[in-house]
Amino acid sequence: MADPLLEVRNLKVSFRTEDGTVQAVDGVSLTLAEGETLGIVGESGSGKSVTMMSVMRLITDPNARFEGQVLYKGRDLMALTQEQIRGIRGAGIAMIFQDPMTSLNPVYRVGWQIAEQIQAHDKVSKQAAHARTIDLLKSVGIPHASERVDDYPHQFSGGMRQRVMIAMALSCNPDIVIADEPTTALDVTIQAQILGLIRKLRDDFGTAVVLITHDMGVVAEMADRVAVMYAGRIVEEGSRRDVFYRPQHPYTWGLLGSIARLDRPKPRRLATIPGLPPSLVNLPPGCAFGPRCAYRFPACAQTPPLTDKLGNGHLDACLLDPQAKKDARAGATPPELVEDAT
């Protein structure tokens, strides 16, 4: 098997605060292959964005502490200087940020901002960078690109600004694109267009994609593999089919059970996961999901490891035995998600 394009090994990220140490990421390990789409899903505050911003070394807070390795093409990004990492950002690993209005500089034209990145990584003239910028805007579906290239961010709609961010992320043909909630605050029609655009660009350029989201529907449509995060840890990881049709962790059951189904009778109310995510300053002992879990038992007082209990590459961090999970899942998960259970 070929070496992964990106490999995260036991990444830990903590922040010193007045209330104590916030363990935002606690021992996350991930791999990403060429052309693959990895979906990272979980509630707000689960550590998804912090994990991937740490991969790009974008967290510069002096109160932050990092442990672990991030290997990109075998090179440990955590050991590089800021000057060295700037050569990889954009050219090797690019990011589509959650809110394009705050990610784009409001006082510069969008074309200038894209062309600046192109010139920072490629030795090309201003004219060549400008021409490439117009081509990129056309490729992401912005009409009249040769005219809109000189507009400011406030002159674009939310969906169009997100397309500008995608064009910027692809401006240097990166190997990996990290999309952090790329459809947040967009209506469903624009969401579908943005997801279709990311899929097309992935297929056309062979770019690997990390999709950060809380929307299981987006994951179902886009991802090859899925990692479910809770309280800074991965609690389940596997292929899209395994995670959706044979989920092994009660937290994943809750996420799937909260999805409204158009092909089923309308429920009186959507299912919810009781309680709230724990404070990352004072995590509960043992399984962090334990206080919200209906299947908690005494062994959950110990922190469960992320292991492959079924022997098929489907990892989970739940101490219930596989048969107990199967029985519980049949009652906790919508019937259409229990097919082919093992």
Side-chain angles (χ1 to χ4, degrees), residues 35 37 39 49 52 56 58 86 88-213 215 217-218 221-223:
T37 298
S49 296
M52 300 317 298
M56 294 191 67
L58 288 172
R86 274 196 291 269
I88 292 176
R89 290 194 202 115
I93 306 175
M95 193 163 189
I96 304 168
F97 292 95
Q98 182 171 350
D99 185 357
M101 192 59 193
T102 58
S103 302
L104 292 168
N105 193 318
V107 301
Y108 290 103
R109 303 176 193 275
V110 297
W112 183 91
Q113 296 183 57
I114 298 174
E116 180 196 31
Q117 176 163 299
I118 294 172
Q119 289 189 285
H121 293 283
D122 297 330
K123 294 181 179 180
V124 297
S125 65
K126 288 184 178 180
Q127 293 77 12
H130 184 76
R132 174 157 170 72
T133 298
I134 294 174
D135 290 339
L136 284 164
L137 294 178
K138 289 179 180 177
S139 71
V140 296
I142 292 182
H144 310 294
S146 58
E147 301 170 14
R148 300 304 305 274
V149 70
D150 292 321
D151 284 347
Y152 291 92
H154 72 270
Q155 294 176 280
F156 290 82
S157 66
M160 288 297 171
R161 281 194 294 267
Q162 195 62 280
R163 290 171 187 264
V164 170
M165 289 300 302
I166 294 173
M168 184 179 294
L170 294 170
S171 60
C172 296
N173 297 320
D175 299 310
I176 301 169
V177 170
I178 300 169
D180 187 0
E181 299 279 9
T183 59
T184 296
L186 301 178
D187 63 65
V188 291
T189 303
I190 303 301
Q191 285 184 22
Q193 293 175 4
I194 294 298
L195 293 177
L197 177 60
I198 293 174
R199 187 187 303 108
K200 180 179 184 299
L201 296 174
R202 176 197 63 188
D203 295 341
D204 290 348
F205 296 100
T207 304
V209 177
V210 178
L211 184 64
I212 302 171
T213 183
D215 190 334
V218 170
E221 184 177 348
M222 295 288 295

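Being a predicted model, the structure only gives us computed values, none of them experimental.
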Decide yes or no for [X] and [Y]: does some side-chain heavy atom of the first lie under 4.5 Å from some side-chain heavy atom of the second?
{"X": "Thr37", "Y": "Ile198", "answer": "no"}
{"X": "Val110", "Y": "Arg148", "answer": "no"}
{"X": "Val149", "Y": "Arg109", "answer": "no"}
{"X": "Asp180", "Y": "Met52", "answer": "no"}
{"X": "Pro153", "Y": "Gln113", "answer": "yes"}
{"X": "Ile194", "Y": "Ile166", "answer": "yes"}
{"X": "His154", "Y": "Met101", "answer": "yes"}
{"X": "Met222", "Y": "Val209", "answer": "no"}

Enter the distance from [X]:[atom1] to [Y]:[atom2] here, rounded to the nearest 0.5 Å.
{"X": "Glu181", "Y": "Ile96", "atom1": "CD", "atom2": "CD1", "result": "12.5 Å"}
{"X": "Leu137", "Y": "Glu147", "atom1": "CG", "atom2": "CD", "result": "12.5 Å"}
{"X": "Gln162", "Y": "Gln98", "atom1": "CD", "atom2": "CD", "result": "9.5 Å"}
{"X": "Arg202", "Y": "Leu211", "atom1": "CZ", "atom2": "CG", "result": "10.0 Å"}
{"X": "Ile178", "Y": "Ile93", "atom1": "CD1", "atom2": "CD1", "result": "6.0 Å"}

Output a table of donor-acceptor pairs, distance under 3.5 Å, between side-chain atoms of residues 123-131 and any protein atom two or more places apart or on a different chain; print 'none' if there are none.
unit_1	atom_1	unit_2	atom_2	d
Ser125	OG	Ala128	N	3.1

Taking all atoms of both residues into account, what is the closest heavy-atom pair of Cys172 and Ile118, and its distance? SG-CA, 4.1 Å
Measure across Gly92 and Pro174 and return the closest heavy-atom pair with its distance rounded to 0.1 Å. O-CB, 3.6 Å
Which residues pass the ring pair (Phe, Tyr, Trp, His ring centres under 6.0 Å) test with Tyr152, sequence neighbours left out? none
